[in-house]
Student: 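Submitted below is the structure of interest, expressed as structure tokens.
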Amino acid sequence: MDYDDYVQAGKIASVARSEGYKMIEENVKLLDVAEYVEDYIRKSGAQIAFPVNLSINNEAAHFTPPPGSDLVFHQGDLVKLDLGAEINGFIADTAVTKEVSTNNWTNLIKASEEALNNAIKKVKVGAMTSEIGREIEATIKRYGYNPVYNLTGHTLEKYLLHAGTSFPNYDDGSRVKLYPGMAFAIEPFATTGRGRVRGLEFGNIMLSLKNESMEYLKDIHKFSRGLPFSMRDLARHFSNYEEIARESEKKKYLYFYPVLKENKGEMVSQTEHTIYLREDGPVVTTL
Ligand code: MN
Ligand code: MN
């Protein structure tokens with residue numbers, strides 16, 4: 001049943017998140033953390049719902065290390081670890097922020113954490129997404145920071161990571177009401193900047209567009225199940241993955257996610273949980 005799968009995926013994602021969090025230290029390779037966390041999810045009986053994101057400093061989201069990457073974490077890095085587990089199409093999506101070896105951004109991290117906790121307190125049947133957003137913005141502003149206005153939480157559906165409804169990080173005036181059986185991720189982003197991010201360079205994460213004109217596109221759709229995948233996944237399935245990626249980009253066979261960045265170099269923190277709303281209240285599956 002979907003509820004049980006959401007709960008089980010949430011438990012796996014939660015352990016994966018704390019294991020990954022512990023591994024983020026100075027001089028450790030991003031690749032080692034990403035692969036460890038993805039392997040952990042797979043061996044726990046789930047699939048990865050999307051590649052492990054390790055976005056640093058002004059990067060808000062959508063960076064994952066490419067195959068063979070020797071990038072390492074440095075002192076002072078503000079790292080967003082964002083990961084997903086999926087069972088029978090039901091997804092847990094969760095994120096945490098860690099600062100490597102320094103304590104310059106403790107309050108920025110706390111701002112997104114407390115915004116998420118306060119937002120969850122507002123979750124009940126009949127509440128509006130804009131009330132939750134208002135709580136997020138107010139909490140982050142109390143810390144003297146801004147929410148990222150153009151990133152949102154989202155509903156989750158079977159094999160669909162970003163389903164129809166958005167959960168804004170401010171009061172956007174929407175009248176969308178929460179209903180029993182709704183599954184969604186809330187993900188406040190706090191920033192020292194003005195509160196906007198932009199898609200800049202390619203981040204090694206892509207999505208099958210269900211174009212099956214090429215034999216390899218059929219294989220890609222099969223292994224990715226319509227969910228985002230990474231260049232590392234492509235490399236696992238095809239020895240000529242670089243050629244496939246180049247052609248797919250040129251011919252727009254796949255969607256390539258850009259890395260979302262605060263373009264003035266301002267810092268960004270993120271905290272995220274997945275919630276299943278029952279008649280009697282929210283169940284935070286990724287606690
Ligand atoms: Mn996420
Ligand atoms: Mn999310």
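Order of appearance sets the numbers: ligands from 1, and atoms from 1 within every ligand. These values consider heavy atoms only, across backbone and side chains, with no hydrogens, waters or symmetry-generated copies.
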Student: How many angstroms lie between NE2 in His221 and CG in Leu227, if you round to the nearest 0.5 Å?
Tutor: 9.0 Å
Student: How are the rings of Tyr276 and Tyr6 set relative to one another: parallel (under 30°), tilted (30 to 60°) or perpendicular (over 60°)?
Tutor: tilted
Student: Could you grab the distance from atom CD of Glu86 to atom CD1 of Ile91, nearest 0.5 Å is fine?
Tutor: 6.0 Å
Student: Group every Ile, Leu, Val, Met, Phe, Trp and Tyr by side-chain heavy-atom contacts under 4.5 Å, then state whether Ile120 and Met182 land in the same group.
Tutor: yes
Student: Please round to the nearest 0.5 Å and tell me the distance separating atom OG of Ser55 and atom CD of Gln270.
Tutor: 7.5 Å
Student: Relative to Tyr170, does Arg134 satisfy both conditions: NZ or CZ under 6.0 angstrom from the six-membered ring centre, and within 45 degrees of the ring's axis?
Tutor: no
Student: Around the Mn ion (ligand 1), how many protein N, O or S atoms are closer than 2.8 Å?
Tutor: 4
Student: Regarding His162, does it place an N, O or S atom less than 2.8 Å from the Mn ion (ligand 2)?
Tutor: no
